[in-house]
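Report on the following structure.
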2 protein chains.
Amino acid sequence: MANDTTTEQKILEAAEDVFHEKGYDGARMQEIAEQAGINKGLLHYYFKTKDKLFEAIFSAALNRMISRILSILELEIPLDQKIDLIVDQYMGMLMKNPALPRFVLNELNKNPDQFIAKHFKKDIKDAFANFSASVKKEADNGTIKQIDGHMLFMNMISMIIFPFIGRPLIQVVLGSDNAEFKQIMLERKEHIKKFIKDAIRV
Amino acid sequence: MANDTTTEQKILEAAEDVFHEKGYDGARMQEIAEQAGINKGLLHYYFKTKDKLFEAIFSAALNRMISRILSILELEIPLDQKIDLIVDQYMGMLMKNPALPRFVLNELNKNPDQFIAKHFKKDIKDAFANFSASVKKEADNGTIKQIDGHMLFMNMISMIIFPFIGRPLIQVVLGSDNAEFKQIMLERKEHIKKFIKDAIRV
DNA sequence: GTCTATATCATGATAGAC
DNA sequence: GTCTATCATGATATAGAC
């Protein structure tokens, strides 16, 4: 037939939609089955329990949320390039996955341990130590202000991610619809890069 | 007896804890009753349905999240003072209510209409028009750079709120426990104020 | 007002036919 | 592999005694 995606793929896509949108507690196996065009029985045939299905979706989401930023953080390039890369790539990713950060951070908050098991912990700390080191180096060279690397990173990541989580509020403030929101996020890429550089320039 | 709080107050406090922590979907009437030291029957005697109880908690939370910032935005004071006030007061409020933004933004996302009914919409748009106007005025006077008022506000509010929502991630990065997190947020107040002023200074 | 017991319903999960 | 029918559980909500 025209649609050659396997049933498992259809389930995973439907589950991603529903879990990302409603979270674990709000998601219904019934709705996932409907959206995948199958019935509950078959859903349980592929993924024995809601927990197992969720686990598949969550770990993919956590990975998408973290892996790319880690690989950028570890690059041996000048700080300003690193900032540009992070802003461009991360915002690009979020524009394609606008529900991702809310989903991941919510579920992570309910169960912070999901991390430790996921071997990410060490990678994360290493990557950030690297980032902080390059901030310190540039500051000592006098090419930027003295600034705490962790704070700088928190500022950057906050400005990038928050609008997607605070979207309902922001759309009221800006009086914007979904199309306008996307356009604003596009402009925001350039804005953030400039804002950060203005803040750290000596 | 020693505890003279009324039953209704005990319920509201317990419901606030549970709803803020677990959201509407994850909250259980049973748990709220236990935490209030009563039983489910009595809970339904005071608040007929889960929805009604939730509504009471949510509208109080939305109000706490928005009202103070609105009143600051409308003050007729110089921009830099306005920034200081917002950062200080809003971060102070969040340190006392760390679960608030996640709760409000999540529930708002599930049901964006809760806003329109809440008469806030107009107040919000007015307050931000005011803020944007004062940004523009200072920029035209040459006391700060030319910068879009909405973007500036988004930056500020992002840097303030995001750490509380992204806390599980941030604590991994910083390797910090709860006490340390609080200390870092305290330092962050000063950091954000300086960061913003550095970014907009001409 | 407060409690216990129960009705009602929704949901995750299983059994079994095809 | 896929479906229908059913079970078992747990949650909201109500009834009624005290």
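Values reported hereafter were calculated over all heavy atoms of this structure, with side chains retained and with hydrogens, waters and symmetry mates removed. As the structure is a prediction and not an experimental result, all values here were calculated from the model. Residue numbers begin at 1 in each chain, while the letters A, B, ... track the order of the sequences.
- In this structure, the CD1 atom of A:Ile11 is 15 Å from the C1' atom of C:dG12, given to the nearest Å.
- When each of B:Phe54, B:Phe103, B:Phe58 is paired with B:Tyr24, the ring pair (Phe, Tyr, Trp, His ring centres under 6.0 Å) condition holds for B:Phe54 and for no other.
- Straight-line distance from the CD1 atom of A:Ile32 to the C1' atom of C:dA10: 16 Å, rounded to whole Å.
- Nucleotide D:dT14 holds its C1' atom 14 Å from the NZ atom of B:Lys52, rounded to whole Å.
- Between A:Lys52 and A:Glu55 there is no salt bridge, since none of the side-chain N atoms of the basic residue sits less than 4.0 Å from a carboxylate O of the acidic one.
- The shortest distance between the side-chain N/O atoms of A:Asn39 and the OP1/OP2 oxygens of D:dC3 is below 4.0 Å.
- Near DNA chain C, meaning a heavy atom under 4.0 Å away, there are no residues from residues 20-29 of chain B.
- When rounded to the nearest whole Å, the span between CG of B:Leu42 and P of D:dT12 equals 16 Å.
- Considering only side-chain N and O atoms, B:Thr49 lies nowhere under 4.0 angstrom from the phosphate OP1 or OP2 of D:dT12.
- In this structure, A:Lys40 and B:Phe47 both approach DNA chain D, and ranking their closest nucleotides by distance from the 5' end singles out A:Lys40.
- Following rounding to the nearest Å, B:Leu43 (CG) and C:dT2 (P) show an atom-to-atom distance of 12 Å.
- A:Gln30 has its CD atom 14 Å from the C1' atom of D:dA5, to the nearest Å.
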Indicate every side-chain donor-acceptor pair of residues 67-76 of chain A with a distance under 3.5 Å to a residue at least two apart or in another chain.
from: A:Ser67; atom 1: OG; to: A:Asn63; atom 2: O; distance (Å): 2.9
from: A:Arg68; atom 1: NH1; to: A:Gln89; atom 2: OE1; distance (Å): 3.3
from: A:Ser71; atom 1: OG; to: A:Arg68; atom 2: O; distance (Å): 2.8

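- Side-chain contact between B:Leu174 and A:Met154 is present, with at least one heavy-atom pair separated by less than 4.5 Å.
- Here D:dT2 presents its C1' atom at 15 Å from CD of A:Glu8, a figure rounded to the nearest Å.
- At D:dT14, none of the side-chain N or O atoms of B:His44 fall inside 4.0 Å of OP1 or OP2 (strictly under the cut-off).
- Look at A:Glu16 and A:Arg64 and you find a salt bridge, because one of the NZ, NE, NH1 or NH2 atoms lies within 4.0 Å of a carboxylate O, short of that distance.
- A:Lys22 has its side chain out of reach of B:Asp25: every pair of non-hydrogen atoms, C-beta onward, lies at least 4.5 Å apart.
- Look at NZ on B:Lys50: it is 14 Å from P on C:dA10, rounded to the nearest Å.
- For A:Tyr45, no side-chain nitrogen or oxygen approaches OP1 or OP2 of C:dT14 to under 4.0 Å.
- Two residues are said to be in side-chain contact when any heavy atoms from C-beta on lie closer than 4.5 Å; A:Lys193 and A:Glu190 meet this criterion.
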